[in-house]
Amino acid sequence: MQMKLKSLRKYVWPLLVLFASAMWGSSFVASKVCITNGMLEFETIFYRFSVGALLIGVLFHKQMRHLSKKVIVSGILLGVCNALACITEIYGLKLTDASKASFLIAINIVLFPLMYCAFYRLHLQIHTVIAAGLTLVGVGVLSLTNGFGSLSFGDVLLIITGVLYAVGSLMMVVLCQNESGIQVTFVQFVTIAVIMGVFTLFQGSGKPFPPSAIAALAFLIVFPTVICFYIKLESLKYLDPVLCTLLLSTESIFCAIFSFFILHEAFTLRAVIGAVFISSGIVIESLHPVEKGNSPHSEEDKSCRSFR
């Protein structure tokens, strides 16, 4: 019986992680639907993370009884960093296509090992340099349609978002070793919700919302936020971090597919070439573990850059 369960897990968890990747890819589309149908930027993020925090608090209430000072401080710091990332992401998403946004933000997967090596003073591995070069070329092809002067403000915001997500991944590695992932994420979600709640008071609301915006928001809360969060935590118990990273590197591809069918965004040859360069860089980096060197952390740190 145990052998059958192990065999089942071998196939089920990769499929669940691939499902999570598809859901995270769809989150760009859902956010785009919200902000193009009357919902304002700050309130979209506020509703997503406030209800998300509530659901996580209810589902894992037994684990929320004793939050250590380190968990609270780490969660708040991560929450501030990711709140900034959410702001630049949603405003960047408002100014450009969802599929393009997903590939630009995906550069965080390649930026993380660069920051990791710099922080711990490790030597860069050749595959990381190659991956960074391919990703940089891909960003240029996607964004610089007519020289550096053609770089749009939306593209700049999305590149900043990728940088912020990479910083958040590094912070998670440094601050959250041996801490409960559920507790840290809960505090992080609450922090984002509080910050966005304050901003929403000043920005106001776009109410009343059409059914399409409400449906997209509900999907955004349940699937990319809560369900994928649970899959993320559980999958690391059963899957190799490298496999997780590879499966989750398909997020941008799923976003492009959903954008084509739901938002009717067109694929240009330039966009496809840029996406191929960025995806190649991500796959090359995902296939190799971060060099540990003098770092106090294990190879499981690699999984930290796998999830948004």
Side-chain angles (χ1 to χ4, degrees), residues 4-33 48 52 55-56 59 89 98-110 112-113 131 135 138 162 165-166 168-169 172 181-182 185 216 218-263 265 267 271-272 275-290 299-308:
K4 287 184 177 179
L5 285 174
K6 287 182 179 179
S7 179
L8 185 63
R9 286 171 181 170
K10 180 181 177 181
Y11 297 103
V12 169
W13 281 108
L15 290 175
L16 286 174
V17 172
L18 197 62
F19 170 77
S21 181
M23 292 302 96
W24 271 314
S26 70
S27 68
F28 293 95
V29 178
S31 296
K32 187 85 171 179
V33 171
R48 176 182 180 180
L55 291 176
I56 289 175
L59 291 172
E89 177 181 321
S99 56
K100 182 180 181 182
S102 68
F103 281 104
L104 290 176
I105 292 175
I107 65 173
N108 77 88
I109 295 177
V110 177
F112 171 79
T135 303
Y165 278 133
S169 295
M172 189 180 298
I182 294 174
T185 301
F219 173 85
L220 197 59
I221 294 168
V222 174
F223 288 95
T225 306
V226 177
I227 292 179
C228 290
F229 158 75
Y230 180 75
I231 291 173
K232 174 194 77 172
L233 288 178
E234 290 298 310
S235 65
L236 292 176
K237 298 177 184 177
Y238 306 107
L239 294 182
D240 176 69
V242 175
L243 176 60
C244 285
T245 306
L246 280 173
L247 291 172
L248 289 165
S249 68
T250 61
E251 176 185 321
S252 301
I253 297 171
F254 279 115
C255 178
I257 294 170
F258 287 127
S259 298
F260 178 78
F261 286 105
I262 298 175
L263 300 177
E265 293 180 357
F267 288 124
V272 172
V276 167
F277 272 107
I278 292 175
S279 298
S280 299
I282 290 170
V283 170
I284 288 173
E285 180 54 40
S286 299
L287 284 170
H288 299 81
V290 176
E299 185 180 336
E300 288 187 359
D301 293 346
K302 186 172 186 61
S303 64
C304 293
R305 73 173 186 261
S306 305
F307 310 101
R308 285 202 309 116

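No experiment lies behind these values; they were computed from the predicted model shown.
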Gap between atom [atom2] of [Y] and atom [atom1] of [X] - 0.5 Å precision:
{"X": "Ser279", "Y": "Ile284", "atom1": "OG", "atom2": "CD1", "answer": "11.0 Å"}
{"X": "Ser27", "Y": "Arg48", "atom1": "OG", "atom2": "CZ", "answer": "5.5 Å"}
{"X": "Met23", "Y": "Leu18", "atom1": "CE", "atom2": "CG", "answer": "10.0 Å"}
{"X": "Leu55", "Y": "Tyr230", "atom1": "CG", "atom2": "OH", "answer": "15.0 Å"}
{"X": "Leu104", "Y": "Ser252", "atom1": "CG", "atom2": "OG", "answer": "9.0 Å"}
{"X": "Ile109", "Y": "Thr135", "atom1": "CD1", "atom2": "OG1", "answer": "9.0 Å"}

Which atom pair, heavy atoms only, marks the closest approach of [X] to [Y]?
{"X": "Val29", "Y": "Phe258", "answer": "CG2-CB, 3.7 Å"}
{"X": "Phe219", "Y": "Pro224", "answer": "O-CD, 3.0 Å"}
{"X": "Ile221", "Y": "Gly52", "answer": "CG2-N, 4.1 Å"}
{"X": "Trp13", "Y": "Ile231", "answer": "CZ3-O, 4.0 Å"}
{"X": "Leu220", "Y": "Ala30", "answer": "CD1-CB, 3.9 Å"}
{"X": "Asn108", "Y": "Gly162", "answer": "CB-O, 3.0 Å"}

>> One pair to check against side chain to side chain contact (heavy atoms under 4.5 Å, CB included): Ile107 and Tyr165. What are the steps and the verdict?
In response: CA-CA 9 Å; Ile107 65 173; Tyr165 278 133; over 6 Å; no

I'd like to know if the side chain of [X] and the backbone of [Y] have a donor-acceptor N/O pair within less than 3.5 Å.
{"X": "Thr185", "Y": "Ile182", "value": "no"}
{"X": "Ser99", "Y": "Cys255", "value": "no"}
{"X": "Glu265", "Y": "Ala98", "value": "yes"}
{"X": "Ser31", "Y": "Phe28", "value": "no"}

Is there a side-chain contact between [X] and [Y] (heavy atoms, below 4.5 Å)?
{"X": "Leu59", "Y": "Val226", "answer": "yes"}
{"X": "Ser21", "Y": "Leu247", "answer": "no"}
{"X": "Lys100", "Y": "Ser259", "answer": "no"}

> Under the side chain to side chain contact (heavy atoms under 4.5 Å, CB included) criterion, do Ile278 and Val110 qualify, and how do the steps go?
Replying inline: CA-CA 9 Å; Ile278 292 175; Val110 177; over 6 Å; no

>> Is it the case that over 12 heavy atoms from other parts of the model lie below 6.0 angstrom from the CZ atom of Phe254?
In response: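 Counting other residues, nucleotides and ligands, CZ of Phe254 exceeds 12 neighbours.
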
>> Can you confirm whether Phe260 is buried at CZ, in the sense that more than 12 heavy atoms of other residues, nucleotides or ligands lie under 6.0 Å from that atom?
In response: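 Open.
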
>> Between Lys32 and Leu263, does the side chain to side chain contact (heavy atoms under 4.5 Å, CB included) criterion hold? Intermediate values first, please.
In response: CA-CA 9 Å; Lys32 187 85 171 179; Leu263 300 177; 3.8 Å; yes

> Is there a side chain to side chain contact (heavy atoms under 4.5 Å, CB included) between Ser26 and Phe223 once you walk through the steps?
Replying inline: CA-CA 9 Å; Ser26 70; Phe223 288 95; over 6 Å; no

